[in-house]
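Step one of this worksheet: look at the structure below.
Hydrogens, waters and symmetry mates are skipped; everything else that's a heavy atom, side chains included, is used. Below, read A as the first sequence line, B as the second, and so on, with proteins coming before strands; counting in each chain starts at 1. Note that this is a predicted model, so its numbers are computed, not measured.
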Protein chains: 2
Amino acid sequence: MMLLMSRSTGGYHHGNLQAALEDAALDLLETTSAAKISLREVARRAGVSHNAPYHHFGDRAALLRALGVRGMAALLAAQEEAVAAADGPVERVRALGLAYVRYAAAHPQAFALVFDPDYCAAGSPSAEMSPLIARNEDLLGGEVEALVREPGYEGRDPVALSAALWSTVHGMAQLVTLGHLPLEAAEPALDALVQ
Amino acid sequence: MMLLMSRSTGGYHHGNLQAALEDAALDLLETTSAAKISLREVARRAGVSHNAPYHHFGDRAALLRALGVRGMAALLAAQEEAVAAADGPVERVRALGLAYVRYAAAHPQAFALVFDPDYCAAGSPSAEMSPLIARNEDLLGGEVEALVREPGYEGRDPVALSAALWSTVHGMAQLVTLGHLPLEAAEPALDALVQ
DNA sequence: TCAAGAATGTGGACAATGACCAGATTGGGC
DNA sequence: GCCCAATCTGGTCATTGTCCACATTCTTGA
């Protein structure tokens, strides 16, 4: 019995160190880039020895990969929520893109981690990451399928259009988080393509 | 006399260590991400002690910033060359975008470094980086000015369109270098927006 | 019930690294 | 020709990732 207890103080055993480490690292990720997060600092924040994390993550990269999965899940959830709240094919695609950009702007380090090839390489995604990526591609693909049946978009290749739209919102997210583009410029820029 | 000598062997003084360090680091950048490049390894490759680089670069980040400037210059040159070789406003914008993506595909680590906030923050660009960024924005902005006078693009806001196109090609470059999008998909995707 | 044994924790160790210091070597300007 | 600044060297230190041996606790099965 007593699954998933969270007795976080006192005992020799932490109780739920895995989640505590991810939480501590996620906290650090609010203000620090993934490259600068040290496993030892995370362990210190969780109140355990510098070696305890190795019983839950094979190495530093594994912890960051787990954070990447969390970030991807949050990014996907933000898009799904925005799509569900929007009316009409054009408006749904617009909402999806804006949600993508806004998530990146709100959590720049987490967003960067999701697409950091040092930890989350697209070539060999983790077992947890793969389905999230697939769901995201399906989400966008489905909305674009509906879009190309709208007047003004008929006859466009949905595959090429999906790739173009993903590129656009991803680039926007990058440029906004980097400071090359103000967040307020994202919406009019997106409207310049999806009017 | 004898400015810029390059006596690279023998003497206690290298002769042109600054450039040699950048070259060595640039070599490493062909196969290794910026985050994994160590100053000591660069010094080893240049055949000097682990401390020599500090006489030419304040710290590790300064060396990587210098590489970022080189990368940005190369990215800009690739675009300028492509634009000069293309005919007509639409075709020039297309060529510019493809050059951007192709440069990234050819030099993924260098491209990533140019936009790595840990080294090349957009908020406080170095004195060498600023004019390059400005030139790149002018280049794109000028081509888009010409584009919006073309049939099919009249009346579009050139500022919003510039931001959108930069976002698109930048996102494409990211997704291609990350492996989320095959390079061959870039051209048709770009054509889905700039037909 | 209670004794393995698996999980999970601790501290110690080691190599690599970034950064600083003092001192050696060199070269150009007076 | 001499001095000073630029350049390069080795030494040192704190931090980090990772491995090892060992301690503690939980669980499981006889």
Compute the angle between the rotation axes at the two ends of the helix from dT1(C)-dA30(D) to dC30(C)-dG1(D), each taken over five pairs, rounded to 10 degrees.
-> 0°
Expected rows: protein N/O vs nucleotides 20-22 of chain C N/O, under 3.5 Å:
| unit_1 | atom_1 | unit_2 | atom_2 | d |
| --- | --- | --- | --- | --- |
| dC20(C) | N4 | N51(B) | OD1 | 2.5 |
| dC20(C) | N4 | N51(B) | ND2 | 2.3 |
| dC21(C) | N4 | N51(B) | ND2 | 3.0 |

Does H56(A) make a side-chain N or O approach to OP1 or OP2 of dG9(C) shorter than 4.0 Å?
-> yes
Residue list, side-chain hydrogen bond (donor to acceptor under 3.5 Å, both in side chains) with T168(B), at least two apart or on another chain = T168(A)
Nucleotide N/O of nucleotides 14-16 of chain D paired with protein N/O under 3.5 Å:
| unit_1 | atom_1 | unit_2 | atom_2 | d |
| --- | --- | --- | --- | --- |
| dT16(D) | OP2 | R44(A) | NH2 | 2.8 |

Using a 3.5 Å cut-off and no angle test, enumerate the donor-acceptor pairs between side-chain atoms of residues 68-79 of chain A and protein atoms at least two apart in sequence or in another chain.
| unit_1 | atom_1 | unit_2 | atom_2 | d |
| --- | --- | --- | --- | --- |
| R70(A) | NE | E22(A) | OE1 | 3.0 |
| R70(A) | NH1 | D23(A) | OD1 | 3.1 |
| R70(A) | NH2 | E22(A) | OE1 | 3.3 |
| R70(A) | NH2 | D23(A) | OD1 | 3.2 |
| Q79(A) | OE1 | N136(A) | ND2 | 3.2 |
| Q79(A) | NE2 | L75(A) | O | 3.2 |
| Q79(A) | NE2 | N136(A) | OD1 | 2.8 |

Those residues at least two apart in sequence (or on a different chain) that pass side-chain contact (heavy atoms from CB on, under 4.5 Å) with A19(A) are N16(A)
Please name all residues satisfying side-chain hydrogen bond (donor to acceptor under 3.5 Å, both in side chains) with Q18(B), sequence neighbours left out, ordered by chain then number.
-> none
Over how many whole Å does the gap from F57(B) atom CZ to dG18(C) atom P extend?
-> 14 Å
With sequence neighbours left out, what residues match A62(B) under side-chain contact (heavy atoms from CB on, under 4.5 Å)?
-> F57(B), D59(B), R65(B)
With V42(A), which residues qualify under side-chain contact (heavy atoms from CB on, under 4.5 Å), at least two apart?
-> L21(A), A24(A), A25(A), L28(A), I37(A), L63(A)
Sequence neighbours excluded, which residues qualify as side-chain contact (heavy atoms from CB on, under 4.5 Å) partners of P131(B)?
-> none
Does a side chain donor of either Y119(A) or R60(A) reach within less than 3.5 Å of an acceptor in the other side chain?
-> yes
Measure up the F115(A) and F111(A) rings against each other and bin them: parallel (under 30°), tilted (30 to 60°), perpendicular (over 60°).
-> tilted
Are any of the side-chain nitrogens in K36(B) or E41(B) under 4.0 Å away from the carboxylate oxygens of its partner?
-> no
Is R45(A) salt-bridged to D27(A), going by a charged N under 4.0 Å from an acidic O?
-> no
For H50(B), the ring pair (Phe, Tyr, Trp, His ring centres under 6.0 Å) test, sequence neighbours excluded, returns none
Name every residue in residues 27-36 of chain B that has at least one heavy atom under 4.0 Å from any atom of DNA chain D, in order of residue number, or write none if there are no such residues.
-> none
Hey, does M129(B) have a side-chain heavy atom less than 4.5 Å from the side chain of C120(B)?
-> yes
L17(A) CG - dT24(D) C1' separation (whole Å) | 15 Å
